[in-house]
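From a predicted model like this one, the values you see are computed outputs, not experimental measurements.
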Amino acid sequence: MNLTGWIIYNGHLSGEKFIDFAQWLHKAASRKQINTSIIKNNECLSYLDKGTLTITGKNDILPDFVLFTDKDIYLARQFEMLGIRVFNSAETIAVSDDKIATYQTLAKHGLAIPKTIIGPKIFPGAELDARFSQYAVHELGFPLIVKEAYGSFGEQVHLIHNQDELDRCIEELNDRPFVFQAFVSSSYGRDIRLHVVGDQVVAAMTRHASNDFRANITAGGSMKAYTPSSTEAQLAIKASQVLGADFAGIDLLFGEEDSPVICEVNSNAHIRNMYDATGINVADYMIDHVIKIMNQDGGYQQC
């Protein structure tokens with residue numbers, strides 16, 4: 001039996017890094033004799049009608065599994081409703097894409113996160129009464145972080161030093177959901193990215209920025225290979241598990257006395273930087289995991 005898969009990426013995003021991730025997965029699958037096709041999300045549309053639920057826009061027979069490098073939650077859910085195994089699941093993509101939902105889930109399971117206060121719902125065009133921010137300041141102090149619920153590469157994270165900055169930030173956010181968060185000053189410009197596949201950390205690196213509180217590589221940070229402690233590894237694995245992820249990039253901050261604190265969980269973390277820093281191709285581990293799960297779920301035996 002030949003296992004077939006589709007690797008979905010967003011067809012409307014420019015930049016090589018998005019298709020690059022899909023290509024790495026495709027090559028890793030090929031090395032395992034797994035047939036995969038790289039497909040844009042706008043090439044396979046979800047079609048609904050009375051008594052009909054399918055994928056249109058592609059003439060191919062639907063695959064055995066789908067690897068999602070995108071955040072098109074509705075498309076992922078459509079595949080699942082058709083009985084196709086999706087890595088990661090639509091629910092995992094949805095929760096990890098929404099940082100508020102992520103922090104709620106992590107806190108519910110007792111995992112270490114920065115002190116966090118969720119900003120209240122604000123409707124578009126409503127008169128803004130930002131007095132609620134005074135409670136956040138009272139609890140967290142300055143400086144503090146304002147982080148939008150949706151965003152990537154550290155671009156929607158704001159370091160706030162005083163009330164004027166905070167008022168302006170909230171006004172600019174308008175109706176976009178966000179959280180207030182304690183600033184972990186001990187982790188200024190540095191963090192750890194751990195890539196979890198299944199129940200193990202397969203690669204890790206530290207990220208450093210010389211002139212930015214964020215350590216993201218896209219924000220100008222540098223990186224190097226890192227061997228996580230057992231505490232750091234177990235925290236990352238647990239974070240991935242409680243979000244139901246098959247694989248995830250877990251970002252940890254250095255808390256007091258360097259105790260690890262979860263910053264973010266990324267359901268579709270890119271892997272080229274990890275390879276450049278460590279020489280480890282995470283895609284190979286991801287494909288091995290897919291084969292393992294497909295074997296457990298459907299009795300697939302690799303040819």
Side-chain angles (χ1 to χ4, degrees), residues 7-10 13 15 17-22 24-25 67-73 76 86-106 109 111-114 116 145 147-157 179 181 187 190-207 209 214-219 221 223 226 228 232-233 235-253 260-278 280-283 285-286 289:
I7 303 170
I8 306 294
Y9 78 102
N10 195 294
L13 291 175
K17 60 187 174 184
F18 299 103
I19 191 171
D20 180 71
F21 185 15
W24 278 60
L25 291 167
L67 274 165
F68 249 77
T69 70
D70 188 37
K71 299 179 180 180
D72 193 332
I73 298 163
V86 178
F87 301 85
N88 283 302
S89 71
E91 180 62 19
T92 295
I93 297 169
V95 174
S96 61
D97 189 39
D98 180 346
K99 294 179 178 63
I100 295 175
T102 297
Y103 293 130
Q104 287 179 318
T105 303
L106 297 173
H109 288 87
L111 302 186
I113 61 171
T116 301
I145 296 292
K147 182 180 292 187
E148 296 180 40
Y150 299 97
S152 301
F153 311 117
E155 295 175 359
Q156 290 76 27
V157 183
V179 298
Q181 206 163 63
S187 201
R190 63 187 185 121
D191 69 7
I192 311 169
R193 162 65 61 86
L194 301 94
H195 214 115
V196 176
V197 178
D199 59 358
Q200 65 175 325
V201 173
V202 300
M205 64 181 178
T206 53
R207 304 184 298 187
R214 300 161 298 180
N216 302 72
I217 304 303
T218 51
M223 56 197 179
Y226 180 72
E232 292 163 344
L235 180 60
I237 292 168
K238 185 66 174 177
S240 179
Q241 290 176 337
V242 301
L243 266 65
D246 291 287
F247 22 74
I250 312 296
D251 297 339
L252 300 182
L253 302 175
V261 177
I262 302 168
C263 179
E264 291 185 8
V265 178
N266 305 275
S267 69
N268 60 340
H270 292 190
I271 59 177
R272 177 177 284 276
N273 285 339
M274 185 65 77
Y275 178 80
D276 290 342
T278 67
I280 297 171
N281 188 344
V282 175
Y285 290 92
M286 295 171 69
H289 177 78

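How far CE of M274 is from CG of N281: 11.5 Å, rounded to the nearest 0.5 Å. Taking CG of N88 as the reference point, atom CG of D97 lies at 12.0 Å (rounded to 0.5 Å). One distance of note links OH of Y285 with NE2 of H195; it measures 12.0 Å at 0.5 Å rounding. In this structure, CG in N273 is found 4.5 Å from CE in M223, a value given to the nearest 0.5 Å. One finds the CZ atom of R207 at 4.5 Å from the CG atom of D251 (value rounded to the nearest 0.5 Å). A distance of 7.0 Å separates CG in D70 from CG in L13, rounded to the nearest 0.5 Å.
In this structure, Y103 contributes its side chain and E264 its backbone to no donor-acceptor pair below 3.5 Å. S240 contributes no side-chain N or O that, together with a main-chain N or O of F247, makes up a donor-acceptor pair within less than 3.5 Å. In this structure a side-chain-to-backbone donor-acceptor pair under 3.5 Å is present from T105 to A101. A donor-acceptor contact shorter than 3.5 Å is absent between the side chain of N266 and the backbone of S96.
What you find for A269 and R193 is that their closest heavy atoms are CB-NH1, 3.6 Å. Of all heavy-atom pairs between D246 and H289, the closest is OD1-NE2, 2.9 Å. Between T278 and A204 the shortest heavy-atom distance is CG2-O, 3.3 Å. When every heavy atom of P114 is checked against every heavy atom of I262, the shortest pair comes out as CD-O, 3.2 Å. Residues G151 and K99 share a closest heavy-atom pair of O-NZ, 2.7 Å. The heavy-atom pair separating L252 from E232 by the smallest distance is CD1-O, 3.7 Å.
Looking at heavy atoms from C-beta onward, R190 lies out of side-chain contact with T206 at the 4.5 angstrom threshold. The shortest side-chain heavy-atom distance between I237 and V201 falls under the 4.5 Å cut-off. Residues N268 and Y9 fail the side-chain proximity criterion, which asks for heavy atoms closer than 4.5 Å. Counting heavy atoms from C-beta on, the side chains of V242 and L106 come closer than 4.5 Å. V282 places none of its side-chain heavy atoms less than 4.5 Å from the side chain of W24. At a threshold of 4.5 Å between non-hydrogen side-chain atoms, the residues D98 and Y150 count as touching.
Between F21 and H270, the angle of the ring planes lies from 30° to 60°, which puts this pair in the tilted group.
Here the rule is side-chain contact (heavy atoms from CB on, under 4.5 Å) with F87, and of L67, I7, L25 only L67 fits it.
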Kindly indicate, with the supporting measurements, whether the criterion side chain to side chain contact (heavy atoms under 4.5 Å, CB included) is fulfilled by Q181 and I113.
-> CA-CA 9 Å; Q181 206 163 63; I113 61 171; 5.7 Å; no

Output, in order, the C-alpha distance, side-chain angles, deciding distance and verdict of side chain to side chain contact (heavy atoms under 4.5 Å, CB included) for D72 and N10.
-> CA-CA 8 Å; D72 193 332; N10 195 294; 5.6 Å; no

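Taking a 6.0 Å sphere around NZ of K147, one finds it holds more than 12 heavy atoms contributed by other residues, nucleotides or ligands. Under a cut-off of 6.0 angstrom, the local environment of OH in Y226 is crowded, with over 12 non-hydrogen atoms contributed by other residues, nucleotides or ligands.
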